[in-house]
Protein chains: 2
Amino acid sequence: MQIGSKFTIGVHIITAIDYFREMDRVNSEFLAGSIGINPVIVRTVISQLREAGLVRTQRGSSGGELTKGLDEITLYDIYKAVGSVDEEEGLFHFHEQPNPECPVGRNIHTVLDRRLIDAQRAMEEKLRQTTLADIVKDTKEAVEKESK
Amino acid sequence: MQIGSKFTIGVHIITAIDYFREMDRVNSEFLAGSIGINPVIVRTVISQLREAGLVRTQRGSSGGELTKGLDEITLYDIYKAVGSVDEEEGLFHFHEQPNPECPVGRNIHTVLDRRLIDAQRAMEEKLRQTTLADIVKDTKEAVEKESK
DNA sequence: CAAAGTTGTAATATAGTATATTACAACTAT
DNA sequence: ATAGTTGTAATATACTATATTACAACTTTG
């Protein structure tokens, strides 16, 4: 099981919006071309980024812009914005009907849950430690290296 | 997206095998009853636990036993055993066709990957920190509390 | 040894979800 | 006014998790 690609798509989108800031025509079609997916998916993900307050876009008007500095946007913000993991359900799918008549069955959930949440949090904490400034910086450096 | 329930099922199985060690007839049907799933799923998961060297079972002969001490089995061992996350693919699904003709497209993968792997590892590291001895101990304590 | 019970596994079904695609109204820019 | 763009709904497709049926191989029991 994997966390859906909307997360990396979201990162790609924000990176590209900044990277191609000077250019015009950075519309959903252009982004879709860079990412290698359908433009509608781009617009869907951008909608989620907008709802999360990360980008501004306008119906009819091409392109969009970031509402915050790159260093104020973390991977976690995007992960959350696109709903990579359902808030209610969590990262780990627990079997749903442990038997309440069994001592193990009626306690395993409580016993395990704390640990599963901890593990999920540790992953999310790592995502908080990288900002989009890091990503754009590394991307530019990688592009620099190419021309040598 | 969620990590499949085979993981928590695996934890439940090992916990129950130990918890009901004294009893006989801890077969796949009994376990299925405790977990609330189909016995075939139990046998499938047990097969994976066996292949990972965590339990011993025998065709035709009811029940099974652990091959290690509970304190030598971590949540991570079970997570790995049941293949919660594909080794090749990783936890995060990356969009598969970023455009190599775009500077962002051809570098985003390399730039992001390291961070995604780090995040996944942090989660897995947490899973390594809990042993099945912890789980069984907590379960027994929870059962104790019930009778008060 | 025969009968009953159990495991291991294959084959198939079903349901849920990610992603793709079509379509179009609402809006902007020219 | 015309062309281009976004936002979003509706639908299709493919993939995966889980459930279920079936049965051969094997063990245990009487």
Side-chain angles (χ1 to χ4, degrees), chain A residues 1-10 12-13 17 23-33 35-52 55-65 79 81-86 88-89 91-98, chain B residues 1-10 12-13 17 23-33 35-52 55-65 79 81-86 88-89 91-98:
Chain A
M1 237 344 173
Q2 291 189 293
I3 287 171
S5 59
K6 278 164 64 183
F7 172 44
T8 61
I9 289 170
H12 192 138
I13 287 172
I17 286 179
M23 270 180 58
D24 46 37
R25 284 296 137 87
V26 181
N27 56 22
S28 63
E29 187 140 344
F30 174 88
L31 289 169
I35 300 168
I37 58 169
N38 192 288
V40 178
I41 309 285
V42 172
R43 298 203 285 272
T44 305
V45 173
I46 287 184
S47 282
Q48 294 182 291
L49 297 174
R50 174 166 31 75
E51 277 160 31
V55 304
R56 239 189 314 271
T57 58
Q58 218 181 349
R59 183 184 285 256
S61 176
S62 184
E65 53 185 1
Y79 161 95
V82 303
S84 297
V85 169
D86 186 286
E88 301 292 314
E89 303 287 343
L91 176 60
F92 297 91
H93 185 197
F94 212 105
H95 51 286
E96 284 160 12
Q97 297 168 340
Chain B
M1 240 339 171
Q2 291 189 292
I3 287 171
S5 59
K6 278 163 65 182
F7 172 43
T8 61
I9 289 169
H12 192 138
I13 287 172
I17 285 179
M23 269 181 59
D24 46 37
R25 284 295 135 86
V26 181
N27 56 22
S28 64
E29 187 140 347
F30 174 88
L31 290 169
I35 300 168
I37 59 169
N38 191 289
V40 178
I41 309 287
V42 173
R43 298 203 286 270
T44 305
V45 173
I46 287 184
S47 282
Q48 294 181 292
L49 298 173
R50 175 164 31 76
E51 276 160 32
V55 303
R56 237 189 315 270
T57 59
Q58 217 181 349
R59 183 185 284 255
S61 175
S62 184
E65 52 185 2
Y79 161 95
V82 302
S84 296
V85 169
D86 186 287
E88 302 292 314
E89 303 286 342
L91 177 60
F92 297 92
H93 185 195
F94 213 105
H95 51 286
E96 285 161 11
Q97 295 167 342

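Proteins come first, then strands; the chains are lettered A, B, ... in the order of their sequence lines, and each starts at number 1. Everything numeric here is computed off the predicted structure, so don't read it as measured data. The basis for the numbers below is simple: all heavy atoms, side chains too, and nothing from hydrogens, waters or symmetry mates.
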From CD1 of B:I41 across to P of C:dA13 the rounded distance in Å is 16 Å
A:F30 atom CZ is separated from D:dT5 atom P, nearest whole Å, by 13 Å
Item to check | Donor-acceptor contact below 3.5 Å, side chain A:T8 vs main chain B:F94 | outcome: no
In B/S/- notation (B base, S sugar-phosphate only, - none; protein heavy atoms under 4.0 Å), nucleotides 23-28 of chain D written 5' to 3' is -BBBSS
Those residues at least two apart in sequence (or on a different chain) that pass side-chain hydrogen bond (donor to acceptor under 3.5 Å, both in side chains) with B:T44 are none
Here the distance between atom P of D:dG7 and atom CG of A:L49, to the nearest Å, is 11 Å
Residues at least two apart in sequence or cross-chain that pass salt bridge (Lys or Arg N to Asp or Glu O under 4.0 Å) with A:E29, listed by chain then number, are none
Sequence neighbours excluded, the answer for side chain to side chain contact (heavy atoms under 4.5 Å, CB included) partners of A:Q58 is A:S61
A:H95 meets the ring pair (Phe, Tyr, Trp, His ring centres under 6.0 Å) criterion, sequence neighbours left out, with B:H12
Side-chain atoms of A:N38 come closest, of D:dG7, C:dG8, C:dT22, to C:dT22
Here the distance between atom P of C:dT17 and atom CD1 of A:I3, to the nearest Å, is 16 Å
Protein heavy-atom contacts under 4.0 Å, written 5' to 3' over nucleotides 11-16 of chain D as B (base), S (sugar-phosphate only) or - (none), form the string ------
Side-chain heavy atoms of B:I35 within contact of B:I41, under 4.5 Å: no
Applying side chain to side chain contact (heavy atoms under 4.5 Å, CB included) to B:S28 and not counting sequence neighbours gives B:P39, B:V42, B:R43
(request) Please work out if A:G64 contacts a base, only the sugar-phosphate, or nothing of the nucleic acid, heavy-atom cut-off 4.0 Å. (result) nothing
Result for 5'-nearest mapping on DNA chain C, choosing between B:T44 and A:G36, is B:T44
Separation of C:dT7 atom P from B:R56 atom CZ, nearest Å, is 16 Å
When rounded to whole Å, the CG to P distance for the pair B:N27 and C:dA4 reads 18 Å
Among C:dG8, C:dA20, D:dT8, the one nearest any side-chain atom of A:V40 is D:dT8
Rounded to whole Å, the CD1-P distance (B:I46 to C:dG8) equals 7 Å
Residue set satisfying side-chain hydrogen bond (donor to acceptor under 3.5 Å, both in side chains) with A:S5, at least two apart, ordered chain then number -> none
Applying salt bridge (Lys or Arg N to Asp or Glu O under 4.0 Å) to A:R56 and not counting sequence neighbours gives A:E65
note: A:H93, atom NE2; C:dG16, atom P; distance rounded to Å ~ 11 Å
